[in-house]
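Report on the following structure.
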Number of protein chains: 2
Amino acid sequence: MRTLEWDDEKLELLLIDQRLLPDQFEIFVCRTYQDVVVAIRDMIVRGAPAIGAAAAFGMALAVCRPETGTSDDLHALLRRAAGDLLASRPTAVNLAWGVQRMLKVADDAALTLSDISQRLIAEAKRIAEEDVETNKRMAVHGAALIQDGDTIIHHCNTGSLATVDWGTALGVIRMAHENGKRVHVLVDETRPRLQGARLTAWELEQYRIPYEIICDNAAGYFLRTGRAQKVFFGADRVAANGDVANKVGSYMLALAAHANDVPVFSVFPTTTVDLNLEHGDLIPIEERDCSEVLNIQIDGKPVTPKGAKARNPAFDVTPNHLLTALVTEKGVIYPPFWQNLPRTILET
Amino acid sequence: MRTLEWDDEKLELLLIDQRLLPDQFEIFVCRTYQDVVVAIRDMIVRGAPAIGAAAAFGMALAVCRPETGTSDDLHALLRRAAGDLLASRPTAVNLAWGVQRMLKVADDAALTLSDISQRLIAEAKRIAEEDVETNKRMAVHGAALIQDGDTIIHHCNTGSLATVDWGTALGVIRMAHENGKRVHVLVDETRPRLQGARLTAWELEQYRIPYEIICDNAAGYFLRTGRAQKVFFGADRVAANGDVANKVGSYMLALAAHANDVPVFSVFPTTTVDLNLEHGDLIPIEERDCSEVLNIQIDGKPVTPKGAKARNPAFDVTPNHLLTALVTEKGVIYPPFWQNLPRTILET
């Protein structure tokens, strides 16, 4: 199944529970928009494009189920759902994009509850389908950047699980592999939630792409000793100048690649770009609960002393000068990003 | 107790088992040099100065116990012990230094077995005592570099546990704290073996120095947002030009600090310097078993897919241009390191 699927009969959103992979494969069922809020907040679903689509279905769930109230309070209900969904995670702008797009569909006050429900469901499904198409286009553009024989360092999970299907940066790597290029992936484990060690490794096993997991802090060793030719990661929000907010650790990885003349590519749909923000330091960075850092065990034993405190920023900002190119569904964008990124986004 | 202690009656070396801290405090008893080889290889004892001292006691154990053979095969036995100890871990040069110093003491062929045993034990104890004195001198030199109110990012464990007592980089921070300077430590958890989250946090609890554990990959976030004023780490081997091999991740940390104009200090005794090596790329980098990367659990569940592979370099090299100064027991050394480091080492 896909990362998220809509059940038209039961009016339910089905999510692969990404907290449990690869140890267990379980489905998390959302029957209310609040379920979707929980799923996004607790990272049952994660990845900027995937939470954009999940939030869209959340908006549909807010009004389409039998328990929904009358059409009188419909718009108030949608506004509340939008507010709660927007507050579930602050950094990925795709979330806001998905919610806004749904609000626009519901804007026509003359419509009946049933009409609006059907339109919202149809729109969420459209968002999901578009995501898959967008990702495939990105994959084709990005795959051209990969050489036969490349070893690629990849951060976090940007595969099918981070999107509706196919993925962003990992989709590029998968496309290169399917095109017959030999690639080897050094998978950053991606502390604290280990999306690399858990999810990216699991996907690469399925695609039969050779890989090795590394600790995030070891990427510098492989870059400095000439063992990696490319760095690929996704994005959670991109400012107008091409600064990229992405999973924490992307910045240090990009620094190490840049210091060793290894090109760095960030892959994202244009829905991840926030032209309202001039540069990356304006992007809100989520700080998550420190239990994510502390609740780690080796051989079943807790590692931190009792009462230990932690800090847990979930993202960081990679300044544009460290990035070689940005890969979107509209093509590969090169510097100067402040000029070429808005131009690409705004062209129709 | 200290990280390592010698029992004069039982002729045993006692080590705090650092694999189990902070969950359990247990003593690992070495009765043979082979026990010391295991202790170093399996990181029951770790930290360059601590394994230098442990290896010295290992040399003493090779000949001092009742089961030791005749003095005929004494020198052969010491050579075998030296070889096995040297092979236990390749990167930290203190290990070779400790073993060589012991071999020199045993060099006088005219001595009896009993004489040599006593001399070796005395020499190992001297090495241990000197380590504590050396560390205290380093701490005084380094503490002068810390300002009241500094937030310091620290990598791995460089405290009492990494030495016989007191520590290198963490000793500096402790001395600044004891001198009344307010310091806050951001503790790199230090994957894969989490010496930061386990050992450094445990030590800082005891010293009552405020700290927060961070994922290694989050240091860039704190540096780029101006939340840290200094970076301190130790060293496992330093080349003649001041390139520093240290726990994997030090390089990326130094890069992130350097990119944000935050000073980086490496703290080590002069016994960690290897003047035979012109630069850091000549330092042998240990690659450890990939189980250290893979055997990680969250909430008791394994995180990696079955059959997952990993790479596990234990160290990396920070090139000298990223380092602000080197702190040794002979004082603080500034660039140009290729000139000032050998000069400091060779002066008597």
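Order of the sequence lines sets the chain letters (A, B, ...), proteins ahead of strands, with each chain counted from 1.
The residue among B:C290, B:P302, B:G196 with the most heavy atom pairs within less than 4.5 Å of chain A is B:P302. Contact count versus chain B (heavy atoms, under 4.5 Å) is highest, among A:A218, A:A259, A:G249, A:A314, for A:G249. Counting heavy-atom pairs under 4.5 Å between each of B:A201, B:G220, B:P210 and chain A puts B:G220 at the top. Contacts with chain A were tallied for B:L186, B:I285, B:L21; B:I285 has the most, counting heavy-atom pairs under 4.5 Å. No other option in A:P305, A:P22, A:P313, A:G307 has as many heavy-atom pairs under 4.5 Å with chain B as A:P305. In terms of heavy-atom pairs under 4.5 Å with chain A, the best-connected choice from B:L253, B:L223, B:L194 is B:L194.
Here the closest heavy-atom approach between residue A:P90 and residue A:P284 is recorded as O-CG, 3.6 Å. Closest heavy-atom contact between B:A308 and A:I213: CB-CD1, 3.9 Å. Closest approach of A:V262 and A:V231 over heavy atoms only: CG1-N, 4.2 Å.
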Item to complete: Please step through side-chain contact (heavy atoms from CB on, under 4.5 Å) for the pair B:V248 and B:F315, ending with a clear verdict.
Response: CA-CA 4 Å; B:V248 70; B:F315 302 93; 5.6 Å; no

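The shortest side-chain heavy-atom distance between B:I209 and B:V185 falls under the 4.5 Å cut-off. Taking the side chain as every heavy atom from C-beta outward, A:I153 and A:F232 never approach each other to under 4.5 Å.
Only the side chain of B:L294 comes within less than 4.5 Å of a heavy atom in chain A; its backbone stays farther off. The contact between B:V317 and chain A is made by backbone and side chain atoms together, counting heavy-atom distances below 4.5 Å. Proximity to chain A involves both the backbone and the side chain of B:A219, based on heavy atoms less than 4.5 angstrom apart. Contacts of B:L255 with chain A are made by both backbone and side-chain atoms, with heavy-atom separations under 4.5 Å.
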Enumerate the inter-chain donor-acceptor pairs under 3.5 Å for chain A and chain B, one line per pair.
from, atom 1, to, atom 2, distance (Å)
A:E189, OE1, B:R191, NE, 3.3
A:E189, OE1, B:R191, NH2, 2.6
A:E189, OE2, B:R191, NE, 2.7
A:R191, O, B:N217, ND2, 3.1
A:R191, NE, B:E189, OE1, 3.4
A:R191, NE, B:E189, OE2, 2.7
A:R191, NH2, B:E189, OE1, 2.6
A:I213, N, B:K309, O, 2.8
A:I213, O, B:R311, N, 3.0
A:D216, OD2, B:N217, ND2, 3.0
A:N217, O, B:G249, N, 3.3
A:N217, ND2, B:R191, O, 3.1
A:N217, ND2, B:D216, OD2, 3.0
A:N217, ND2, B:V248, O, 3.4
A:R224, NE, B:V317, O, 3.4
A:R224, NH2, B:D281, OD1, 2.5
A:V248, O, B:N217, ND2, 3.4
A:G249, N, B:N217, O, 3.4
A:Y251, OH, B:N260, ND2, 2.9
A:N260, ND2, B:Y251, OH, 2.9
A:D281, OD1, B:R224, NH2, 2.4
A:Q297, N, B:Q297, O, 2.7
A:Q297, O, B:Q297, N, 2.7
A:Q297, OE1, B:G300, N, 2.4
A:G300, N, B:Q297, OE1, 2.5
A:K309, O, B:I213, N, 2.9
A:R311, N, B:I213, O, 3.0
A:V317, O, B:R224, NE, 3.4

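For B:F268, the ring pair (Phe, Tyr, Trp, His ring centres under 6.0 Å) test picks out no residue, with sequence neighbours left out.
Atom CG of A:L277 is separated from atom CD1 of A:I283 by 6.0 Å, given to the nearest 0.5 angstrom. In this structure, B:F265 CZ and B:L323 CG are separated by 10.0 Å, a value rounded to the nearest 0.5 Å. From A:F28, atom CZ reaches atom CG of A:L20 across 10.5 Å, with rounding to the nearest 0.5 Å.
Each of A:V45, A:L170, A:L199 was scored for a side-chain contact (heavy atoms from CB on, under 4.5 Å) with A:L161, with one residue passing: A:L199.
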